[in-house]
Student: 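Mind looking over this structure? Questions follow.
All values reported here derive from a predicted model rather than from experimental measurement. Each chain gets a letter, A, B and so on, in the order the sequences are listed, and its residues count up from 1.
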Protein chains: 2
Amino acid sequence: MSKITSRDVARAAGVSQSTVSRALAGDERISSETRERILSTAQSIGYTPNELARSLLSNKSNIVGLVMGDLLNPFYPTVLNGFVAALQKRGKRVLLFTVPPGGEVDDVLPFLLQYQVEGVIITSSALSSKMANACERNKTPVVLFNRATYKEAVCSVCCANVQASFDLTERLIEAEHDRFAIIGGRADTSTHIERKQGLEEALARHGLALVGDEMGDNTYEGGFAAALRLLRFRRRPNAIVCVSDVMAMGALDAARFELGLRVPQDLSIVGFDDIPSASWPSYQLTTVRQPIDAMIERSLALLFDPERKTKRKAITERLPGELIVRSSALIAAKHPAE
Amino acid sequence: MSKITSRDVARAAGVSQSTVSRALAGDERISSETRERILSTAQSIGYTPNELARSLLSNKSNIVGLVMGDLLNPFYPTVLNGFVAALQKRGKRVLLFTVPPGGEVDDVLPFLLQYQVEGVIITSSALSSKMANACERNKTPVVLFNRATYKEAVCSVCCANVQASFDLTERLIEAEHDRFAIIGGRADTSTHIERKQGLEEALARHGLALVGDEMGDNTYEGGFAAALRLLRFRRRPNAIVCVSDVMAMGALDAARFELGLRVPQDLSIVGFDDIPSASWPSYQLTTVRQPIDAMIERSLALLFDPERKTKRKAITERLPGELIVRSSALIAAKHPAE
DNA sequence: CCTGTGGATGCATACGTATGCACAGGCGCT
DNA sequence: AGCGCCTGTGCATACGTATGCATCCACAGG
């Protein structure tokens, strides 16, 4: 009783293997009584179709590869959850890979390709041109999520980071902040680069410049430590822009509990992502919400878009972020007129 | 240039397909010069072995199924991360499924079995006896993580919940708490049942009984709302035991921000899991830490244990939890003597 | 020179399923 | 009655890889 195959069902039902296959596929040509008989015998002897064999023959694995980086940043579980749910709804299976800190996407991609995945979604970081080519050669579409790439010809979906960051900064300047500091994530990520760029552009427009620039590694502890470094200045910043919410929460706690500062009276702290805990009363974090669901939808649309197979254009979609005003920063809520 | 197979490599290198297969497998019998030639041609024409075909033939898919429930409870991303990392290290691939709220594990298991997974890890909930039998028939080992089952013959790994909850309660009683309430998760989960049981046993031992019993659905919002219901009593509880940390954090914020109570002076709040945010200064949650890494290690050991294939015993392993004392509850730190 | 030996490679087949084609039987039409 | 057609089923093959067995060649020993 090792493996029960369609041949076993065929033997038990007194038909051929091909008839079993057709009956299970709902082929019209099989008479309904035969179909019934086959289905019930399949049920009774506990037959489970071998999807691997099916995939081998049809050349369609129904599997999508998902490469995640840091699952400990609360933004990504939400993303992961969304992707898995959306893919399951579309009848796709998810092969999940994790890139450990310090690891490279390139290390896991070969494994994905071996499983004949129909597409790959990468949320961890960009990928090398070598691997981009390997995917191209296999005709395996790739979509970068929350990451942009400038060199490689790969599709990506992200938030309009520069714009969102620019607008956020404008609002902070409007509210009379004039000493800005940034707590960055990792220097090699597009989110970091773009959000910093928007911030600096807005500052420059008003003749301002950053008074502090620290890295927080996209962790709570990193944000906490970075904030301590920033706030020990004699003339400390009065606005800290954090490239992600986890770091902003660390910074907030460092300011309040370690240095006894009041937020937002003594300084404003803002983040990006709008993770669930940003709305908790302990934090009330002003932040830029990423439109996760829409981004996921667009990612899958790009991934499965049939016309991408012909014109292999590297499309980058940028969805607008939404400023969520809470009480961690001195920003007036937008007038309804605007 | 659709699919590059080992035959293409064979043709390009002027050998047979079987020689290619053997060369790539590192077969000793292939002369090293032939091997070199094959490897380099494979490289140059961009050959990727088809793992599906390989799996079909060897009857070993190298895939492990992972069924997750609520990824929005921060405990589970940590678990997921740990499992994926551990499995990748063992050379296994992870096929991830999600059970949407209100869904059943039974709905996704058939898909897993179709992909010939070598084992299934379930963190969402127990599974029906029908599905347990189906897995047994397929000789597919199953391990429940953080869930126990009493009826079915399935292995499981959890924390020693009753014991941990009992000890925690004893410590709270020692510290003169006498009006206990519980905020539960979902009534049908073993974690809820067992933690409540330990709590009630300890209370009974001191002639006490619960003064409040609410459900919080293992969400922050649920914990928040449940705490409001509990704390509007005239004689409100002075200790709230929450079955998971997320709910405890909700309860804490409800007490502080909504009702103006002081924690732990006015009441103690404790949780379970020790999620990362439990240690943040805003919360400082006293909680029972689950030994996640050890639990994962034991789960995989059970899953791949060769002798389980002969004696099909349903082993339930219970690892001790560790009480982490912080400032959300009035508990003296254990004397070093003890 | 013939045979035996061993090393290197090719041939054929199997894994479990889907599908084009052939085939059998029944029925209606001329 | 004979012909064609339709319906329902079986036969054979293909997917890409791994592997038992046969084969071939070279070389050594008799």
Student: Would A:R90 and A:E297 pass as an ion pair if we require N to O under 4.0 Å?
Tutor: yes
Student: Under 4.0 Å between a side-chain N or O of B:Y115 and OP1 or OP2 of C:dG16?
Tutor: no
Student: Mind calculating the distance between CG (B:N59) and C1' (D:dA18) to the nearest angstrom?
Tutor: 13 Å
Student: At under 4.0 Å between heavy atoms, what does B:V15 touch on the DNA or RNA strands: base, sugar-phosphate, or nothing?
Tutor: sugar-phosphate
Student: Which nucleotide wins on minimum distance to the side chain of B:S16, given the candidates D:dG16, C:dT17, C:dG10?
Tutor: C:dG10
Student: Ignoring backbone atoms, test whether A:T34 places a side-chain nitrogen or oxygen under 4.0 Å from the OP1 or OP2 oxygen of D:dG8.
Tutor: no
Student: I need the CG-P distance between B:D27 and C:dG7, as an integer number of Å.
Tutor: 13 Å
Student: Report the nucleotide, chosen from D:dG10, C:dT17, D:dT17, that has the shortest atom-to-atom distance to any side-chain atom of A:P49.
Tutor: C:dT17
Student: Return one dot-bracket line describing DNA chain C 5' to 3' (Watson-Crick or G-U wobble pairs, both distances under 3.5 Å; ( ) same strand, [ ] crossing, | another strand, . none).
Tutor: ||||||||||||||||||||||||||||||
Student: Do A:D106 and A:S128 get their side chains close enough for a donor-acceptor pair, meaning under 3.5 Å?
Tutor: yes
Student: Whether the side chain of A:S190 engages the backbone of A:A148 through a donor-acceptor N/O pair (distance < 3.5 Å, no angle test) should be reported.
Tutor: yes
Student: Please round to the nearest 0.5 Å and tell me the distance separating atom SG of B:C158 and atom CZ of B:R298.
Tutor: 13.0 Å
Student: Output yes when a side-chain donor or acceptor of A:T34 lies under 3.5 Å from a complementary backbone atom of A:I30, and no otherwise.
Tutor: no
Student: In whole Å, I'd like the distance from the CD atom of A:E28 to the P atom of D:dC6.
Tutor: 17 Å
Student: Could you go step by step and tell me if B:E51 and B:R93 meet the side-chain contact (heavy atoms from CB on, under 4.5 Å) rule?
Tutor: CA-CA 11 Å; B:E51 189 63 39; B:R93 313 290 160 244; over 6 Å; no
Student: Let's see if you can work this out: which of C:dA8, C:dT17, D:dT17 has an atom nearest to the side-chain heavy atoms of B:S6?
Tutor: D:dT17
Student: Mark yes or no: B:K92 above the aromatic ring of B:F304, with NZ or CZ under 6.0 Å from the six-membered ring centre and no more than 45 degrees from the axis.
Tutor: yes
Student: Dump the intermediate steps for side-chain contact (heavy atoms from CB on, under 4.5 Å) on B:E118 and B:T140, then the final yes or no.
Tutor: CA-CA 6 Å; B:E118 293 181 5; B:T140 304; over 6 Å; no
Student: Rounded to whole angstroms, how far apart are CD1 on A:I30 and P on D:dG8?
Tutor: 8 Å
Student: Rounded to whole Å, please give me the gap between CD1 in A:I38 and C1' in D:dT9.
Tutor: 10 Å
Student: Mind listing the N/O atom pairs, protein and nucleotides 19-25 of chain C, below 3.5 Å?
Tutor:
residue : atom : partner : partner atom : Å
C:dG20  : O6   : A:R22   : NH2          : 3.2

Student: Within this structure, what is the CG-to-P distance between A:L57 and D:dG16, rounded to whole angstrom?
Tutor: 9 Å
Student: Which whole-number value in Å describes the distance from B:E51 CD to C:dC15 C1'?
Tutor: 14 Å
Student: To the nearest Å, give me how far apart CZ (A:R54) and C1' (C:dG16) are.
Tutor: 10 Å
Student: Would A:Y76 and A:N146 count as a side-chain hydrogen bond (donor to acceptor under 3.5 Å, both in side chains) if you check the C-alpha gap in whole Å, the side-chain angles of each, and the deciding distance to 0.1 Å?
Tutor: CA-CA 10 Å; A:Y76 286 105; A:N146 201 31; 3.2 Å; yes
